Structure formats: structure tokens, C-alpha cells
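Lettering follows sequence order; numbering is per chain, from 1. What you are looking at is a predicted structure, and each value in this text was computed from that prediction instead of being measured. Hydrogens, waters and symmetry mates play no part in the numbers below; they use all other heavy atoms, side chains included.
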Amino acid sequence: MTLDFPVIFLLPTNLGADELHELEEQIPTLTYDINEAEVILGNVHRKQRVLFELRKHKLVTEEISTTETDEPTSPSLKRRRFQTPGSVITEDSDTASDGDFHPLLTQSTQSTLKAAPTTVKVVKLAWFTESLKAGTVLPIEDYTLYRGRKQQSKPAKLQQASPAKAANIIKRALADPKPSSHGSRPGSSHSTTSHGRRDHFITKAPALLHMTTSEHEVELPPIPAYLHTTYACQRPAPTHPPNEPFIEELTKIRTARTLLGDKIGVRAYSSAIAALISYPYLLQSAFEVARLPGCGLKIAQLYQEFREQGELQEAKEDESDPRLAVLKLFHEIWGVAETTAREFYNKGWRDLDDIIEYGWDTLTRVQQIGVKYYDEFQQKIPRAEVESIANIILEHANKIHPGFQMVIVGGYRRGKLASGDVDVVLSHPDKAATRGFVEQIVVALEQSNYITHTLILSTANTERGQEPVAWKGNEKKSGTGFDTLDKALVVWQDPHWTTGEKKNPNPHRRVDIIISPWKTAGCAVLGWTSGTTFQRDLRRYCKKERSLKFDSSGIRSRADGTWVDFESGPNGEPAPDMLTAERRVFEGLGLEWRPPEERCTG
DNA sequence: CGGCTGTACTG
DNA sequence: CAGTACA
DNA sequence: GCCG
């Protein structure tokens with residue numbers, strides 16, 4: 001039984017990701033183009049909110065007062081009446097909304113938007129859900145929040161006039177790969193966009209990006225389901241994606257943005273890069289790029305340039321910019337970021353010797369260390385050495401207090417053949433063992449002459465989550481409070497050498513030692529394994545989709561600040577080991593577990 | 001048009 | 001407080 | 001720079 005719904009656009013507002021997806025599956029007449037919609041369905045209840053949503057979606061309408069009838073304004077449009085018992089729904093539309101695709105569309109639609117219905121209703125979600133329950137399309141009036149007449153403001157020239165608009169059209173066109181696609185590329189045989197989604201757009205080119213003749217025939221592979229999300233933590237991100245060369249070019253631009261202190265630009269490029277890393281096919285066209293999350297007109301144009309030129313002008317200019325080269329050099333000093341790098345540059349310094357000669361005394365302690373070991377810190381650490389360093393740390397830990405477990409995290413765990421530093425997470429099932437342990441282990445390793453310097457010792461403390469209501473919270477969770485996720489960022493040098501030099505020839509290494517209480521070891525491992533973009537998106541996902549606050553020392557509810565434990569078993573028994581704990585965190589957050597090698601978001 | 005990760009140390 | 005670090 |  002398929003109910004005869006009008007063409008519906010679904011507002012994602014106030015819907016969880018799962019909810020949204022479920023509804024999308026249920027709506028037989030779903031459109032992803034708000035302009036096509038006869039009915040806009042949303043989990044909203046006030047007209048004010050409706051107006052906001054319409055503005056947001058750039059749908060310009062003029063309200064139809066409730067007394068007015070929604071008689072069509074355009075003369076030529078046919079009227080359709082839904083055969084719902086008692087329904088007063090009338091729609092004017094020149095498009096068939098009963099779900100069959102008319103060949104004539106290919107003629108009339110390509111130039112701009114297809115002729116859309118001229119009025120639209122914004123309706124409470126309950127109308128749809130209750131209709132489903134009732135097995136019939138319920139009268140819509142009782143649920144209608146707003147009726148509007150669309151402004152006839154879409155002349156065909158618009159797409160010429162504004163590249164941005166045209167790009168939107170391209171993007172929409174590409175958002176719906178033809179289900180009929182019999183492409184030869186992997187995965188293209190079964191469509192992921194089957195649920196009643198109507199594709200009015202054909203692979204004809206709106207003229208913004210130049211298409212070659214052959215491209216007209218190219219059938220784009222369907223977007224893998226996981227690329228319908230903007231969260232990098234919901235997608236596999238391999239070390240070596242098929243489009244690595246293009247990604248490298250984008251990374252150059254991102255680096256320049258970093259040096260210039262353009263945080264938002266960095267964010268934007270990082271999102272685009274992360275999406276491209278997850279794209280499993282070799283790209284063929286700019287349109288294919290524009291439909292990916294985080295990739296818009298700009299990134300699509302850059303791809304176009306890359307395909308034609310094999311490189312990006314902007315990246316090339318950045319690379320040959322002498323100022324950026326100096327900023328990059330300075331930025332690579334541990335303890336120096338873009339502001340200080342720029343400061344140094346503005347003092348007229350151009351290399352490390354300038355810093356040493358003219359500015360040594362102005363450097364902070366860690367910056368001095370960063371300069372001193374600049375070359376050694378630039379060298380990558382082979383996996384075998386990472387393992388050997390980690391094992392020394394674990395041995396020392398167990399000498400202090402047997403029973404420690406360790407996971408080597410960071411790039412090593414993601415499979416990198418060589419790492420910039422060594423990251424280890426240590427934990428112990430006994431809560432008493434981890435409290436204040438970071439100092440002990442650092443002292444022990446100093447005494448064994450492995451640690452030569454301590455850059456940062458973080459004793460993030462038992463009092464975290466200390467409420468303003470501490471007086472009543474004394475009995476809070478009676479001692480199960482989260483204490484320290486402590487860490488030490490240190491400089492390491494193997495004190496043993498055999499070659500007879502008087503000076504230790506072993507390179508200094510950057511080592512991060514993280515101590516986690518057992519309860520949150522899963523969060524610690526998850527937090528310290530993934531790339532930056534994965535991390536950001538994980539936190540953003542927790543906030544927006546789960547109302548949770550994630551950080552590597554635990555998860556809290558944003559509503560009431562209470563701690564959320566996904567790691568313990570059903571009866572509160574602690575996780576058997578740190579990797580199991582990590583899996584439980586994924587599960588608890590509603591995320592598919594990914595092996596570390598697939599968390600290379602860049 | 002606002003938001004874009006979250007936390008802790010250093011000076 | 002601004003700057004830096006970590007993933 | 002992109003998303004909602």
C-alpha cells in the first residue's frame with residue numbers, strides 16, 4: 001500500500017541522524033530540492049521557526065492568508081486533487097507528483113529548475129507520521145503551519161549570472177546519480193538512492209565548469225552511503241586513497257592557510273580533504289567532487305584545474321612564496337605556532353640562526369628545546385623504534401606497579417610506517433595505580449636517562465567536573481569520580497650506544513605518555529588514535545547528534561553534565577581491556593567501529 | 001548569517 | 001589572558 | 001569554504 005502523498009521536502013531540523021534517515025526511507029515522494037516540494041515537512045511547531053527555515057533554504061514565498069484560498073496563480077497549471085477522503089489539499093503543479101518520471105522532463109528541466117509548484121505548505125511532522133499510522137493521507141489543514149506562494153524569481157538567466165547559483169544547480173544535479181546507471185565502476189551497479197527519490201536532473205552540463213564531450217556520457221558512480229554524512233568519524237579513511245595526488249595539492253593550500261592563521265580556511269580544506277580521502281573511486285569530473293560533503297564550488301573548480309594542469313596554481317604560488325617558507329620553518333619549531341612564527345618573521349629573522357643569535361633569550365623554555373632539537377624532531381621514527389620506546393615505558397610502568405596495559409596510539413596505530421612522535425596510552429585496572437602516576441613514570445624514566453627534557457607535564461586533576469555545588473557533591477558517585485587523564489610530553493633519547501663516540505649519537509625523540517584511569521581508557525585510546533579531522537568531527541557529532549561532550553578523558557551529557565559510561569559492561573563490570581573499551585565507546589556513541597588504519601582523515 | 005573540537009599548561 | 005599543544 |  002503506497003499512500004498518495006504530495007511531493008515532500010523534509011527539514012532535517014530537530015531530527016536526529018537516525019530519525020532523519022528513517023523518515024527519508026518512509027517518504028515515497030521525497031525530494032531533496034525544496035523548490036520541487038508541494039509540502040515541506042518538519043519537526044517544527046511555530047510559524048516563526050518556519051519562516052526561519054524557509055529563509056535558510058533560500059525559498060522566497062509570500063504568505064497566503066488563511067482566509068484566502070490557494071487558487072493557483074499561474075494560469076496554465078493543472079490542478080490536482082489528492083483523493084484523500086475529506087482532504088482539502090489542492091495543489092497546483094505542472095509536474096506529475098505521482099511518482100512516474102516523464103520523458104518530457106529531459107527537455108524542459110535542464111536549463112534551470114524544473115517548473116515547480118507555485119504554492120507550498122509547511123506542515124508538522126505529525127501529519128506524515130499519523131497518516132502512516134492511519135494508513136491514509138490525513139487532512140493536511142490541521143497540521144499546516146504556513147502556506148506560501150512562491151515568488152516567481154527564477155528566470156533562466158540566473159544560472160548564468162551567478163556562478164554560485166549555477167554551482168548549486170550542479171551540486172543538486174549530481175546529488176542524484178541516475179538509478180539507471182549501468183556504470184562499469186565498482187559499486188555503481190546498485191543505486192544507493194532508490195527510495196523514491198526522483199531525479200529530474202540529467203547529466204547535462206550547466207555551463208559553469210566546462211565539460212568535454214566525453215564527460216556527457218560519464219555515469220558517475222553512486223556516492224557510498226557513508227559519504228552522505230558530514231562527519232568524518234562516520235567514514236572509513238584509508239592511508240592511501242585513490243585520489244591522493246589531488247589531495248596532496250589541497251593539503252598544500254591548507255598548509256598555507258595554517259601559516260597565515262586562517263583557522264576557518266584550514267577547517268574548510270580539512271573537511272574537503274577528509275571527504276576526498278574517503279571517496280573510493282578515481283575522480284573523473286568536477287561534478288563528482290561538488291556532490292561530496294565539504295566540497296563545493298571552490299573545491300570542484302580546483303579539481304577541474306588539477307585535472308587539466310596536474311597541479312594547482314595556488315598551491316604552486318604558496319610553495320614558492322619565500323615568506324611562507326620562513327613561516328613554515330618557524331612553525332615547525334616545537335612551541336611555535338603561527339602567531340609567534342609571524343612575530344619572528346616581523347622581527348626580520350629568516351632562519352634558525354637568526355633566532356639563536358638575536359632572540360635566544362626571548363624564547364620560552366620549550367621553544368629553546370624546540371630550536372635545539374629542530375633537526376632531530378623533524379626526523380621520522382621507524383615503527384620498530386616506536387615499539388622499542390613504548391616497551392621501555394611499559395617496563396618502567398610495571399616495575400613501579402605491575403599490571404599496566406599499554407596501547408601505542410597516534411600515527412603508529414593508524415599504520416604509518418614512520419611517525420613524527422611516539423604516543424602511548426597507559427592504564428591500569430586498579431584505580432589507585434593511575435592516580436598521580438604520570439609523575440612517577442617520568443621520574444623513573446629520567447633516572448634511567450631516557451627522558452632528557454619534560455616539555456609539558458599535565459596533571460589534569462581529580463577535581464575536573466568540580467561543580468559549583470561541590471559542597472553537596474562530596475558524596476558524588478562516592479569515589480568513582482573521574483580523576484586524572486594525565487600526560488607527559490617529553491623529549492626522549494636512548495642512553496645506550498655502542499659505536500664508541502663520546503657523545504650519544506641517538507636522535508632525540510618526541511614522546512607523549514598518556515595515563516588514563518581504567519574507566520575512560522576507551523575514550524583515551526579513541527581520542528589519541530585518530531587524526532585531527534576525525535577528532536573534530538567526532539566531537540561535533542557528539543554535540544550535534546547526541547548532545548554529548550566528548551574528550552579523551554571521558555564523555556558527559558550536555559544536558560546535565562553527568563558522566564556517561566559506555567565502557568563498563570552490563571553489570572557495571574570494567575572492560576576487560578583497553579581495545580574492548582574503545583569498541584564500546586564507538587558502539588555507545590552509535591558509530592560504526594573503524595580499524596585505526598581507516599581513521600586517516602588527514 | 002552564524003558556526004566550525006575540547007582541554008590544559010605556560011608565561 | 002593569549003598562545004600553544006595534543007589527537 | 002561549506003553547512004544548516
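Classified by interplanar angle (parallel below 30°, tilted 30° to 60°, perpendicular above 60°), the ring pair A/Y231/A/Y541 is perpendicular. Ring planes of A/F344 and A/F330: perpendicular class, angle over 60° (limits at 30 and 60°).
Candidate nucleotides B/dG11, B/dA8, C/dC6 were compared by shortest atom distance to the side chain of A/R365, and B/dG11 ranks first. Of the listed nucleotides (B/dG11, B/dC4, B/dG6), B/dG11 has the atom at the smallest distance from the side chain of A/T364. For A/R539, counting side-chain heavy atoms from C-beta on, the closest listed nucleotide (D/dG1, C/dA7, C/dC6) is C/dA7. The side chain of A/D512 approaches C/dC6 more closely than any other nucleotide in the set C/dC6, B/dC4, B/dT7.
If you check every strand for non-hydrogen atoms under 4.0 Å, A/K487 touches nothing. In this structure, A/R342 reaches neither bases nor backbone, as no heavy-atom distance under 4.0 Å exists between it and the strands shown. In this structure, A/L457 reaches the sugar-phosphate backbone alone: every heavy-atom distance under 4.0 Å involves primed, P, OP1 or OP2 atoms, never a base. No engagement by A/V366 is indicated, since no non-hydrogen atom pair under 4.0 Å with the nucleic acid exists. Using a 4.0 Å heavy-atom cutoff across all strands shown, A/G335 reaches sugar-phosphate atoms only and no base atom. At a threshold of 4.0 angstrom between heavy atoms, the contacts of A/R599 with the nucleic acid are absent. Within the nucleic acid shown, A/S271 has no heavy atom closer than 4.0 Å to any nucleic acid atom. At a threshold of 4.0 angstrom between heavy atoms, the contacts of A/D262 with the nucleic acid are absent. A/D537 comes within contact range of no nucleotide atom at all, as no heavy-atom separation falls under 4.0 Å. Within the 4.0 angstrom heavy-atom criterion, no nucleotide atom of any strand lies near A/S552. Counting any heavy atom pair closer than 4.0 Å across all strands shown, A/F534 reaches no nucleic acid atom. Using a 4.0 Å heavy-atom cutoff across all strands shown, A/L526 reaches no nucleic acid atom at all.
Within the structure, every side-chain polar atom (N or O) of A/K544 is placed at least 4.0 Å from both OP1 and OP2 of D/dG4. Put simply, A/R510 has a side-chain N or O that comes within less than 4.0 Å of OP1 or OP2 on C/dC6. The side chain of A/K543 contributes an N or O atom lying less than 4.0 Å from OP1 or OP2 of B/dG6.
Inter-residue side-chain proximity for A/K487 and A/W528 is flagged as met; some heavy-atom pair is nearer than 4.5 Å. Side-chain contact check for A/L489 versus A/V366: every heavy-atom pair is 4.5 Å or farther apart.
To the nearest whole angstrom, the two C1' atoms, one in B/dT7 and one in D/dG1, are 26 Å apart.
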query = Does the side chain to side chain donor-acceptor pair (under 3.5 Å) test come out yes or no for A/E305 and A/Q301, once each step is laid out?
reply = CA-CA 6 Å; A/E305 183 191 349; A/Q301 284 174 331; over 6 Å; no

